[in-house]
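Just below is one structure, and these are the notes that go with it.
Numbers restart at 1 for each chain; the letters A, B, ... are given by sequence-line order, proteins then strands.
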Protein chains: 2
Amino acid sequence: MPQRAKKAGTAKIRSAAFRRIRADHSSELAEDYVELIADLIDEKGEARGSEVAMRLGVANATVVKTLKRLQDSGLVTQEPYRSIFLTGDGWKMAEDGRRKHKIVEGFLLALGISEETARIDSEGIEHHVSEETLRAMARFLARKGS
Amino acid sequence: MPQRAKKAGTAKIRSAAFRRIRADHSSELAEDYVELIADLIDEKGEARGSEVAMRLGVANATVVKTLKRLQDSGLVTQEPYRSIFLTGDGWKMAEDGRRKHKIVEGFLLALGISEETARIDSEGIEHHVSEETLRAMARFLARKGS
DNA sequence: ATGGAAGTTTAGCATTGGCTAAACCTATTG
DNA sequence: CAATAGGTTTAGCCAATGCTAAACTTCCAT
């Protein structure tokens, strides 16, 4: 029954895609946090929990809890009642996020999307694009931009 | 202090984007389920929970639990030990998902992405593209395709 | 008609990510 | 230098999404 075999193969690939999406989702929050923290440090010299909470649109307490997990993962460090710092790994992740973000947002703008929408959509999309797709977007951008 | 005012404004927009992403995530699972169920019904005449579990790459029990929620949301119906059906709303959501999926995947292919990657990335991206971006992708596709 | 294999569901647990309310520090200002 | 306002953390709750192991149905083959 080659039918069966073929279908099982397809199913496996499909499930791999969904697995990757679930994995992406766990890292997504972390990336958003570190990227935002990096922005705050660059913009204002320091990142406060309450500022992170405001920009992400969540409660203060949620940020505290999440930062604990990020600290356990070795992405940030923080003393109680003090501002937040990124570790080496944290900075690496933040830079990578910014890089992806810039490519995706620039690409959407090049496609003719409005600034508003480009900003919103790129925020959602950046965590789900493979390097291959990023390369294609960058290529498109380069051709268009020149 | 116009500085402050401007920054607060930006923050509000940013947080709106993140809020939307969080909202997208809740509907994302539902969309994946109904889309997959629709595919199974079309492909094999019926959708069994175990088949859904296999294709999504999750345990059977997880599917059972999620289907209960989807039933409460009025997207699917199911009798114990029987196969799964979509309600009118369920079909509507499935069709919408397929539509988005087709546009995004076609767009990625048109960009020169490999089939494998296009399938995987489109699965993740489809839930985060606005109608505006979809329209731009469709436009691009039409121009390219003709 | 029934016994057992295969398929489904239940039970119970863990983690993530959200919230509010209350407790707790810090730092400014009078 | 003390009071207090404002920022931060804790405590305790909830829902969603995942898992494994055990219980339970269904249905096919003898």
Side-chain angles (χ1 to χ4, degrees), chain A residues 1 4 8 11 15-34 36-37 40 44-73 75-85 123-124 127, chain B residues 4 8 11 15-34 36-37 40 44-73 75-85 124 127:
Chain A
M1 30 182 84
R4 269 271 220 95
S15 79
F18 288 118
R19 271 175 205 287
R20 218 210 55 191
I21 290 170
R22 286 199 298 279
D24 286 348
H25 281 169
S26 356
S27 43
E28 197 168 332
L29 230 221
E31 285 181 33
D32 284 342
Y33 269 77
V34 297
L36 179 47
I37 290 165
L40 288 171
K44 333 192 126 184
E46 66 166 5
R48 311 292 314 195
S50 56
E51 187 72 22
V52 172
M54 201 196 320
R55 298 223 192 172
L56 290 179
V58 301
N60 251 303
T62 302
V63 170
V64 173
K65 207 184 279 189
T66 305
L67 284 178
K68 240 167 234 149
R69 276 201 308 278
L70 297 185
Q71 200 156 15
D72 290 347
S73 320
L75 293 168
V76 312
T77 57
Q78 190 192 20
E79 305 290 306
Y81 299 98
R82 290 288 123 99
S83 65
I84 309 155
F85 297 92
E123 203 84 66
H127 305 289
Chain B
R4 267 271 219 93
S15 78
F18 288 118
R19 272 175 205 287
R20 219 210 55 189
I21 289 169
R22 285 198 299 278
D24 286 348
H25 281 169
S26 355
S27 42
E28 198 167 331
L29 230 222
E31 286 181 31
D32 284 342
Y33 269 77
V34 297
L36 178 47
I37 290 165
L40 287 172
K44 331 192 129 185
E46 67 166 3
R48 310 292 316 193
S50 56
E51 187 72 22
V52 171
M54 201 196 321
R55 297 223 192 173
L56 289 179
V58 300
N60 251 306
T62 302
V63 170
V64 172
K65 208 184 278 191
T66 304
L67 284 178
K68 241 168 232 149
R69 277 199 310 277
L70 296 186
Q71 200 156 14
D72 290 347
S73 318
L75 293 168
V76 311
T77 58
Q78 190 192 21
E79 307 289 307
Y81 298 100
R82 289 288 121 97
S83 65
I84 308 155
F85 297 92
H127 305 288

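Taking the side chain of B:Ala61 as heavy atoms from C-beta on, and the options D:dT8, D:dG18, D:dC19, the nearest nucleotide is D:dC19. When the nucleotides D:dC19, D:dT26, C:dC24 are ranked by their closest atom to the side chain of A:Tyr81, C:dC24 comes out on top. With D:dG18, D:dA16, C:dT9 as the candidates, the nucleotide lying closest to the side chain of B:Arg69 is D:dA16. When the nucleotides D:dT10, C:dT8, D:dC19 are ranked by their closest atom to the side chain of B:Ala59, D:dC19 comes out on top. Nearest nucleotide to the B:Lys65 side chain, out of C:dT16, C:dC13, D:dT8: C:dC13.
Rounded to an integer number of Å, the gap from A:Ile21 CD1 to D:dG18 P is 11 Å. D:dG18 atom C1' lies 16 Å from atom CZ of A:Phe18, rounded to whole Å. In this structure, CD of A:Gln71 is placed 15 Å from P of C:dT16, rounded to the nearest angstrom. Atom CG of A:Leu29 is separated from atom P of C:dT15 by 17 Å (rounded to the nearest Å). Going from atom CD of B:Glu31 over to atom P of D:dT17 covers 13 Å, rounded to whole Å. Atom CG in A:Asn60 sits about 11 Å away from atom C1' in D:dG6, given to the nearest Å. Here D:dG18 presents its C1' atom at 12 Å from CG of B:Leu56, a figure rounded to the nearest Å. Look at CD on A:Glu28: it is 11 Å from P on C:dG18, rounded to the nearest Å.
Contact record, A:Ala47 with A:Ser83: O-CB, 3.1 Å, taken as the closest heavy-atom pair. Scanning all heavy atoms of the two residues, the minimum distance from B:Gly49 to B:Val63 falls at O-CG1, 3.9 Å. Across all non-hydrogen atoms, the minimal contact from B:Leu67 to B:Gln78 is CD1-OE1, 3.6 Å.
The closest side-chain heavy-atom distance from B:Ile21 to A:His127 is not below 4.5 Å. Side-chain contact between B:Phe18 and A:Val58: absent, with no pair of heavy atoms (C-beta onward) separated by less than 4.5 Å.
Note that CG of B:Asn60 is 10.5 Å distant from CD of B:Glu51, once rounded to the nearest 0.5 Å.
Of the side-chain N and O atoms in A:Gln78, none sit less than 4.0 angstrom from OP1 or OP2 of D:dT8. At C:dT8, one or more side-chain N or O atoms of B:Arg48 fall inside 4.0 Å of OP1 or OP2 (strictly under the cut-off). B:Lys68 has no side-chain polar atom (N or O) that falls below the 4.0 Å cut-off from OP1 or OP2 of D:dA16. Side-chain N/O atoms of B:Thr62 include none lying less than 4.0 angstrom from OP1 or OP2 on D:dT17.
When the nearest nucleotides of DNA chain C are assigned to B:Arg82 and A:Ser26 by heavy-atom distance, the more 5′-ward of the two goes with B:Arg82. Mapping A:Arg22 and A:Pro80 onto DNA chain D by nearest heavy atom places A:Pro80 closer to the 5' end of the strand.
Using a 4.0 Å heavy-atom distance criterion, B:Arg19 is classed as making no nucleic acid contact. The residue A:Thr66 sits apart from the nucleic acid: no heavy atom pair falls under 4.0 Å.
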